[in-house]
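Report on the following structure.
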Amino acid sequence: MCYKNTGNGERIIMSEHVKVLFSEEEVDRVIEEQARKISKDYEGRQVHLVCVLKGGVFFMCELAKRITVPVTMDFMALSSYGDGTTSSGYITMKKELDESIQGRDVLIVEDIVDSGRTLKYLVEELSRRNPASLRLCTLLDKPDRRVVDIKADYTCFEIPDVFVVGYGLDYAQKYRNLPYIGIVEMEETKVE
Ligand code: IMP
Ligand code: MG
């Protein structure tokens, strides 16, 4: 919560409010659908999930629980966002994978594809390491915001250009733990 002075003696209280976009049940149902597709596509193989921290972690756990072929996992952290809602456009690796991906069937698991820069960077980086295959899976996709040409192989939800939180996604590091996906709204209340 914060205050804003209007200049005419009034003060406005600004408070954040999260509006539900996709309920927990809906998200779980769609993840189940994608997990079924993945299990079918990787039949007879082992899938190596590469989670992009921190946002992808909730999604990866829920997805992995529902995949029926053998699964291994690794984690990587990148940064492209500051603490706000606008992209810096500059990507750095903050945590490397623990294991080699050479010869493995790798599936990148992301929370959201926005400008697409993060995924593009990751695909270029991981392709150089000679995986047997490399595919992309994302919980959310904002196609209207794309600035580079990239498309995930598995997408749970396509959304318009709105800032979303929950299910791993944050606003200034908050709300990752919400079990649903929501939109942050600012509410204004006048006080005398
Ligand atoms: P990119 O612009 O596709 O490179 O996305 C970079 C990262 O920005 C994503 O992995 C998210 O962590 C973050 N991001 C993009 N849009 C949102 C949003 O609506 N809510 C929370 N994080 C977001
Ligand atoms: Mg992310």
Side-chain angles (χ1 to χ4, degrees), residues 2 14-24 26-28 30-31 34 38 48-64 73-97 101 106-129 134-187:
C2 67
M14 309 274 293
S15 53
E16 285 168 27
H17 165 82
V18 181
K19 190 177 91 186
V20 178
L21 180 63
F22 302 116
S23 69
E24 183 172 7
E26 205 171 351
V27 179
D28 289 352
V30 177
I31 292 178
Q34 294 301 317
I38 292 166
H48 187 58
L49 303 180
V50 166
C51 173
V52 186
L53 293 170
K54 301 167 189 157
V57 77
F58 286 72
F59 175 41
M60 181 164 99
C61 294
E62 294 308 316
L63 187 71
M73 303 176 199
D74 206 345
F75 300 86
M76 172 175 259
L78 303 168
S79 84
S80 66
Y81 259 63
D83 266 354
T85 60
T86 49
S87 172
S88 65
Y90 177 72
I91 298 168
T92 54
M93 192 175 302
K94 296 209 293 193
K95 186 212 169 292
E96 243 305 351
L97 293 175
I101 57 162
V106 175
L107 181 60
I108 297 172
V109 182
E110 250 288 32
D111 51 0
I112 191 161
V113 189
D114 185 26
S115 70
R117 288 192 189 102
T118 307
L119 264 187
K120 180 128 188 170
Y121 167 89
L122 209 52
V123 166
E124 282 168 5
E125 176 61 38
L126 298 190
S127 299
R128 280 199 286 271
R129 304 180 187 192
L134 183 61
R135 285 189 177 174
L136 319 170
C137 178
T138 186
L139 178 61
L140 295 148
D141 184 8
K142 290 189 204 172
D144 299 347
R145 296 259 305 167
R146 204 71 91 252
V147 298
V148 296
D149 183 24
I150 194 133
K151 183 140 179 56
D153 300 278
Y154 306 95
T155 300
C156 291
F157 299 97
E158 272 196 8
I159 58 167
D161 182 9
V162 287
F163 195 82
V164 288
V165 294
Y167 230 93
L169 291 135
D170 73 303
Y171 171 57
Q173 297 301 326
K174 287 186 296 183
Y175 306 120
R176 290 192 196 276
N177 61 318
L178 295 179
Y180 54 87
I181 296 167
I183 301 173
V184 182
E185 294 179 331
M186 294 305 282
E187 271 177 4

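Order of appearance sets the numbers: ligands from 1, and atoms from 1 within every ligand.
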I need the contact type for [X] against ligand 1. Using non-hydrogen atoms and a strict under-4.0 Å cut-off, is it side chain, backbone, both or neither?
X: K142; result: side chain
X: D170; result: backbone
X: I112; result: both
X: V162; result: backbone

Any nitrogen or oxygen of V164, side chain or backbone, less than 3.5 Å from one on ligand 1? yes

Geometric N/O contact G116 with ligand 1, under 3.5 angstrom: yes

OH-CD1 distance between Y171 and I183, expressed to the nearest 0.5 angstrom: 14.5 Å

Atom pair CD1 (I108) and OG1 (T118), whose distance is rounded to the nearest 0.5 Å: 10.5 Å

For a quick check under 3.5 Å, do E16 and Y175 share a side-chain donor-acceptor pair by atom type? yes

Are any side-chain N or O atoms of K95 and backbone N or O atoms of F75, one a donor and one an acceptor, separated by less than 3.5 Å? yes

Quick one: which ligand 1 atoms are inside 4.0 Å of a heavy atom on E110? 10 (O)

So the atoms of ligand 1 within less than 4.0 Å of a heavy atom of S115 turn out to be 1 (P), 2 (O), 3 (O), 4 (O)

The side chain to side chain contact (heavy atoms under 4.5 Å, CB included) partners of R146 (sequence neighbours excluded) come to V113, D141, I150

Hey, does D28 have a side-chain heavy atom less than 4.5 Å from the side chain of Y167? yes

Could you name each residue pair satisfying side chain to side chain donor-acceptor pair (under 3.5 Å) that touches residues 147-157, not counting sequence neighbours? D41-Y154, R135-Y154

Looking at L169, L119, T118, D114, the heavy atom closest to atom 4 (O) of ligand 1 belongs to T118

